[in-house]
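Here the structure comes first, spelled out in structure tokens, and everything after it is commentary.
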Amino acid sequence: MHHPGPPRFVSVGDRVELAPRDPDPAATYAWRIERAPAGSNAAVDDRPVQWFHPDVPGRYVLTLDAPDGVHRQTIRCFDVGGEADAGGERDARGSGGALDVAAEGDAGTSGYGHDATGGGDRGGGRPRIHLDGRVAGDSVVIRADARTNPAGGGSAASLDVTFAFDDRDDLRAADASADGRRLRIPLARLPERARVHAVAVSETGYSVPDEVEIVRDDAAPGGVAVRRPYDPPAWATDAVYYEVYLRTFAPEAEHGGTFRAIADRLDHLADLGVDVLWLTPVLAADHAPHGYNITDFFSLAADLGDREDYRHLVERAHDHGMRVLFDLVLNHSARDHPYFRDAYRNPESDYRDWYEWQPSGEPGTYFDWEHIANFDFETLDVRRHLLDAVDTWAPLVDGFRCDMAWAVPDGFWREVHDRVKARDAEFLLLDETIPYIPDFQAGLFDVHFDSTTYAALRSVGTGWAPASALLDAIEERSAIGFPDHARFLLYAENHDETRYRVECGRPAALAAAGALCTLPGAPLVYAGQETGQLGRRDALVWDATDDALTDHYRRLLSLRRTMPALAADAALERIDYTVREGDPERVVAFGRANGGRGSDPERDAGAGGGESAADEAGVTGDERDAAAAVVVCNFAAEPVTVDLGVPTGARDAATGETVAASGGVRVDSVAVLPTSPDAFDGGA
């Protein structure tokens, strides 16, 4: 179906990319504005792909005439100041909820993520929203949990919640009723599939949208299942990720033998505790060994192996319990791509419109990269070509790591998301976006590279920032508008960066490993990071490894997998602590609490550290079962003694060794000390 997709929510001044889905480049598509708020001068032209600019707040309804019929696309535009729109509506009604759908349905999004305002920010920060639903009697009830921005304060009761239906579904405003933060839809009025979207709105902005999907399902209670399509696959949330830089991971491989050689080294990764294998690009590319300059989106690189070899690697990874991510490059092709070679300096080329062009006649690119050329996504042939590539490779793997996600239009990523999820709801979409973008959580990607915490790790490791900056980085996620259900990938290095150990030293690298495995998020290890490799992209030296470092990673990754307190959805708790011996700027201590899962030791009053503190905390049994823990990371070269603000056990759950010391606990690089979940009651 050529329908342009889900509801779009924007602010005045945003631009919205609108395009037919699953396009036929030979077909005719025409846009027109069916409805706009009074006073709007917004317009469309005759191109199939539009950049639409809502200019006043209110509801816009556009229609797309396509070969398979007429499709409506609704855009809800907010004035983040809460002012009345030209039609008399207010964006913040004060009633707590509204059903904002026209007779034909509702819809909305922003264009390139880095061009949109992101809901605006006038001092209080973006609010957040989370939807859930259940069958209650003869209806489905959708509940919106709306929260203010944690950095801005204020009351959640002051937030408006705007619900919207999806234009693609046979559900209308008359079929439902909104009552505050709840939307009620009678079962008798439900179609086979219905998608409900919502945003929270304040005077300082609107939230990242959330969605629930309601489907008829005879096996579900009441014959109806309510799903959350914006949540990541369960397997991806608490996984350990590992990046393989293909052409250096197995230096013994001969031409055409890389896939097979990597498959032969999977035992090491299984022993390390890896769950997800991210392979750098496998497609035919130019001379650059990284593989990101692609010359054929449908053929594997001959020096790596053939299709059978690639399938063998994926199957062997699955045999080891690992999922495999395909590195998806959609923003550009290599200049060596035959289509670009035909188009370059040739205005008559059939592929001229495939690329962006500068006034100089050179292709559009980023960062002065001289070997690539940016695609023009306003050309339907480009969209068709890349969607066909998505369809070719998605069935062979478990997910896509999406390169330069910020450089591809949001609407196209939404189409990719819906396309792969329709085939496999457990398929993963992981974005590489620097800096990360909250709106990419809304039906574009499942997990996000946490470039903010990466930067903090580097600053802490080099001594440019205190170790407590890591906690600020984690809290930045919600401060800029990510909802609480967003998930992140933590990393200290990758193929684009200097090795952490080279820049920051081995002691800091040990502490960084502790941070990756204990902060909220899923840890990423770059090949060689665990063995002490110093070269960023050099051939891995497998017979000269830092065994102690490898054991350190193995212990921490194992603990990260098993301890409920360290799960991705466990809360991060700030605590009071005092560094008795050592540099306080090089130490950070924090709590993790997982809502009572795992063991729940009793706690009496007392100070942290020491055998007596373990008794007072009531920590018994296997420390790895703890539902709460205090983590201490020391980035200094010398051990530190830390007096913790909460009582804990005295034995490090990662090593099993006692760290009790006079005045607190003695920590070399990292210690994870079980405590009781109620140890953090009252905050710090």
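For reference, positions follow the sequence shown, starting with 1. Heavy atoms only: backbone and side chains are in, while hydrogens, waters and symmetry mates are out.
The closest side-chain heavy-atom distance from L18 to I75 is below 4.5 Å. Side-chain contact between D398 and H318 is present, with heavy atoms from C-beta onward closer than 4.5 Å. L64 is not listed as a side-chain neighbour of H3, based on a closest heavy-atom distance of 4.5 Å or more. Residues E308 and R260 have side chains in contact (heavy-atom distance under 4.5 Å, counting atoms from C-beta outward). No side-chain heavy atom of T433 sits under 4.5 Å from any side-chain heavy atom of F449.
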Residues 274-284, side-chain donor-acceptor partners within the protein, below 3.5 Å, at least two apart:
from: D275; atom 1: OD1; to: R561; atom 2: NH1; distance (Å): 2.8
from: D275; atom 1: OD1; to: R561; atom 2: NH2; distance (Å): 3.0
from: D275; atom 1: OD2; to: V240; atom 2: N; distance (Å): 2.8
from: W278; atom 1: NE1; to: D327; atom 2: OD2; distance (Å): 2.9
from: T280; atom 1: OG1; to: V244; atom 2: O; distance (Å): 3.3
from: T280; atom 1: OG1; to: L246; atom 2: N; distance (Å): 3.1

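If you look at Y292 and H495, their ring centroids are closer than 6.0 Å. Taking the six-membered ring for Trp and the full ring otherwise, the centers of F427 and H417 sit at least 6.0 Å from each other. Between Y241 and Y491, a ring centre-to-centre spacing not shorter than 6.0 Å is recorded. Aromatic rings from Y436 and H448 are positioned such that their centres are separated by 6.0 Å or more.
The side chain to side chain contact (heavy atoms under 4.5 Å, CB included) search around R419 returns D22, R384, L387, D391, E415, not counting sequence neighbours. Residues meeting the side-chain hydrogen bond (donor to acceptor under 3.5 Å, both in side chains) test with R193, sequence neighbours left out: E213.
The side-chain tip of R335 points at the ring of Y344 from less than 6.0 angstrom away and within 45° of straight on. Figure legend: R458 and Y500 shown without cation-pi pairing, the cationic atom not lying both under 6.0 angstrom from the six-membered ring centre and within 45 degrees of its axis.
Enclosure of atom CZ in R216 by more than 12 non-hydrogen atoms of other residues, nucleotides or ligands within 6.0 angstrom is indicated.
With 3.5 Å as the limit, one finds no donor-acceptor pair spanning the side chains of D403 and N331. No hydrogens or angles considered: nothing links the side chains of Y60 and E34 as a donor-acceptor pair under 3.5 Å. A donor-acceptor contact closer than 3.5 angstrom links the side chains of D267 and H320. Side chains of D569 and H485: a donor-acceptor N/O pair is absent below 3.5 angstrom, by distance only.
Taking 4.0 Å as the cut-off between side-chain N and carboxylate O, R536 and E497 do not count as a salt-bridged pair. Salt-bridge annotation for R401 and D431: absent, with no side-chain N of the basic residue lying under 4.0 Å from a carboxylate O of the acidic one. In summary, R168 and D418 engage in a salt bridge, as defined by a charged side-chain N under 4.0 Å from a carboxylate O. Between E17 and R414, none of the side-chain N atoms (NZ, or NE/NH1/NH2) sits under 4.0 Å from a carboxylate O, so this pair counts as no salt bridge. At a threshold of 4.0 Å, the pair E211-R227 does not count as salt-bridged, since none of the basic side-chain nitrogens sits closer than that to a carboxylate oxygen. Taking 4.0 Å as the cut-off between side-chain N and carboxylate O, K421 and D446 count as a salt-bridged pair. R477 has a carboxylate O that lies under 4.0 Å from a charged side-chain N of D450, or vice versa, which qualifies the two as a salt bridge. Using a cutoff of 4.0 Å between basic side-chain nitrogens and carboxylate oxygens, R352 and D342 are not scored as salt-bridged.
Of the inter-residue distances, the one linking I33 atom CD1 with Q73 atom CD reads 13.0 Å to the nearest 0.5 angstrom.
Under the 30°/60° scheme for interplanar angles, the aromatic rings of F259 and Y310 are found to be tilted.
Only one option out of Y355, W354, F297 pairs with Y339 in a ring pair (Phe, Tyr, Trp, His ring centres under 6.0 Å); it is W354.
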